[in-house]
Each structure stands twice: as structure tokens, then as C-alpha cells.
Amino acid sequence: MSYPDAIIQDIRQPVSPDPQATPPDERSRLGCPAGRVYPAREPVLPAQREHSLTIAFDFDGVLADDSSERVYAEGDLQSFLIHEVDNMNIPAIGGPIKPFFMAIAGIQSLETQRKESDPIYQRRLRSSIVTARNSPADLRVLNTLESWGVTVDDAFFLGGLEKGPVLSVLKPDIFFDDQKVHIESASKHTMSAHVVFGVRNEKSSAAIQVEPPASVSP
């Protein structure tokens, strides 16, 4: 099995016969695709692309579960920050896209080994995290990545700022996020995948189900 085939198999999900009857967290594992893809409204022309692939991820509700996000949703920013500082050295529980992320990290590790033996080799795969977290909540993200044994090429901690402007500069090939508001901002600049998971999707899950998914050419 080739690496692209392995990645596709890793994120593919079986389809439930009645996805609307399944809770959001279960749908991501049992009833829905890993993400609903929205094409970029301002697509990057092929001539503008480098010979590489960049994949960007939100953290909470995507790479990690929604337990920290739930603290924020059910409380406020201060309670969230206190929770994250208290749990700074406890790795976050993996979220729905973690297996895909770890597969990407595995390929990047092989590329690093290739680069060490062949200095002229140019790495072709990059990964980035773009999250609304900022200090001191950023430390738990970094400690979690370290506990998973992975690194990323870029990490942006935006403190609640809009993600679209950063993504317009980063220009990832696809961006994964669990919140529709961030997808709407991101999809102005890049293909984006709405991960229907966790507390931020519980109230809007019925509406999300009836929206037609975007058709994306291979």
C-alpha cells in the first residue's frame, strides 16, 4: 500500500444508515466522513503552488478531543485558561483527526531521514497548527505534541483572532477545523474541512446534516 493510499484509508469513515440519529462525537467515528470539504473561494492557481503539500489543523476538537473546548463553552475564557494551566503537563486526549495527523507525521519523519542522507533532497510535506489558543494555553498544545513524539513546521496561536488572514499567507492545501465560523473565514483562501465533532457542533448538527457537501475534483 502506498503512503497516499494509507492516509486515505486512515481518515475514511463508514457511513451510518441514520447519521442524524447519532450524536456528533459518535458520527465522526461511525456515521460521517472525517470532514465536510469546502473549496477555496479564491483558489490558488497551479503556477503559484510550490512542489509541496501543506496541511493545516486546528487543535481542539480536531487533533485533540473537545474536553478543553467544553470547559470554555460551559464557562468562560478565564475558566478555560485556569483549566489549561492546571493540566499543562497532561497530554490532551486525541481527537478525530489525530490518526491522520500521526500518519502525516510518519511521512515527515521519513522525509527527515532522507534529507539527512541526501542533503539536496527537498521535503515535500509540511504540517501546521492554526489555533485560537494563546499564552498560557499554548503550552499544553506543545507538551501534547511532544508526548505524541511529533513536531509541526509552523504553529500559530492567534488568541481568538480571525484565522483567514493567517491562512491567506500560509496557503495550506487544506485546513481542518471543528467550528463553522473558522471554516467560513478559512475557505476564502484555502480548501477547508469542517470536522463535525464535539461541543461546538452539538446544537448545529441537524443543520449541518442537510447542507449539500461540496464536490471536489480529484
Side-chain angles (χ1 to χ4, degrees), residues 24-25 28 35 52 54-105 108-109 112 123 125-190 192-204:
D25 293 2
S28 70
S52 62
T54 299
I55 305 176
F57 304 89
D58 182 26
F59 186 73
D60 296 284
V62 177
L63 299 183
D65 75 351
D66 70 330
S67 56
S68 295
E69 190 84 60
R70 192 172 293 274
V71 171
Y72 192 178
E74 296 176 353
D76 54 23
L77 177 59
Q78 189 62 28
S79 59
F80 167 77
L81 293 175
I82 292 172
H83 178 271
E84 293 307 288
V85 170
D86 289 346
N87 292 276
M88 181 189 310
N89 295 315
I90 300 176
I93 298 171
I97 306 299
K98 180 189 174 185
F100 176 49
F101 174 69
M102 297 302 290
I104 292 296
Q108 290 185 290
S109 178
T112 298
R123 290 178 57 205
L125 186 59
R126 296 180 61 84
S127 61
S128 303
I129 289 178
V130 181
T131 173
R133 286 175 177 248
N134 63 354
S135 180
D138 58 338
L139 294 177
R140 193 175 187 199
V141 174
L142 300 175
N143 290 337
T144 296
L145 295 179
E146 183 178 3
S147 74
W148 292 350
V150 298
T151 59
V152 292
D153 295 285
D154 308 285
F156 299 90
F157 299 96
L158 302 182
L161 295 176
E162 187 179 351
K163 296 182 179 182
V166 169
L167 294 167
S168 71
V169 176
L170 181 63
K171 291 183 171 61
D173 292 272
I174 190 167
F175 171 61
F176 292 85
D177 200 291
D178 66 316
Q179 294 192 50
K180 193 71 175 293
V181 63
H182 296 314
I183 293 297
E184 290 172 351
S185 174
S187 63
K188 297 176 184 177
H189 311 285
T190 186
S192 304
H194 180 202
V195 180
V196 188
F197 175 86
V199 64
R200 295 300 185 183
N201 292 290
E202 288 177 352
K203 293 181 180 180
S204 59

What are the two closest heavy atoms between P136 and L81, and how far apart are they? CD-CD2, 4.0 Å
Indicate the atoms forming the closest heavy-atom contact of S185 with P165, along with that distance. OG-CD, 4.5 Å
Minimal non-hydrogen separation, P172 against L167, with atom names: CD-O, 3.6 Å
Interatomic distance, I129 atom CD1 to L142 atom CG [nearest 0.5 angstrom]: 8.0 Å
Exercise: identify the closest heavy-atom pair between L125 and I55: CD1-CD1, 4.4 Å
Taking ring pair (Phe, Tyr, Trp, His ring centres under 6.0 Å) as the definition, give me every residue that meets it alongside F80, ordered by chain and number, with sequence neighbours left out. Y72
Value rounded to 0.5 Å, distance of CG in L158 from NZ in K163: 7.0 Å
Please report the C-alpha distance between E84 and V71 in whole Å, then the side-chain angles of each, then the deciding distance to 0.1 Å, and finally whether the side chain to side chain contact (heavy atoms under 4.5 Å, CB included) criterion is met. CA-CA 10 Å; E84 293 307 288; V71 171; over 6 Å; no
Kindly give the heavy-atom pair with the smallest separation between T190 and F175, and that separation in Å. CG2-CB, 4.2 Å
Would one find more than 12 heavy atoms of other residues, nucleotides or ligands at under 6.0 Å from atom CG of L161? yes
Side-chain polar contacts of residues 150-157 - donor-acceptor pairs under 3.5 angstrom, sequence neighbours left out - could you list them?
residue, atom, partner, partner atom, Å
D153, OD1, R123, NH1, 3.2
D153, OD1, R123, NH2, 3.3
D153, OD2, Q108, NE2, 2.9
D153, OD2, S127, N, 2.9
D154, OD2, R126, NH2, 3.1
D154, OD2, S128, OG, 3.2

Taking atom CZ of R140 and atom CG of L145, what is their separation to the nearest 0.5 Å? 12.0 Å
Taking ring pair (Phe, Tyr, Trp, His ring centres under 6.0 Å) as the test, write out the residues that go with F57, two or more places apart. F101, F176
Residues N201 and V195: closest non-hydrogen pair is ND2-O, 3.4 Å
Could you state the interatomic distance from CG (N87) to CD1 (I82), rounded to the nearest 0.5 Å? 12.0 Å
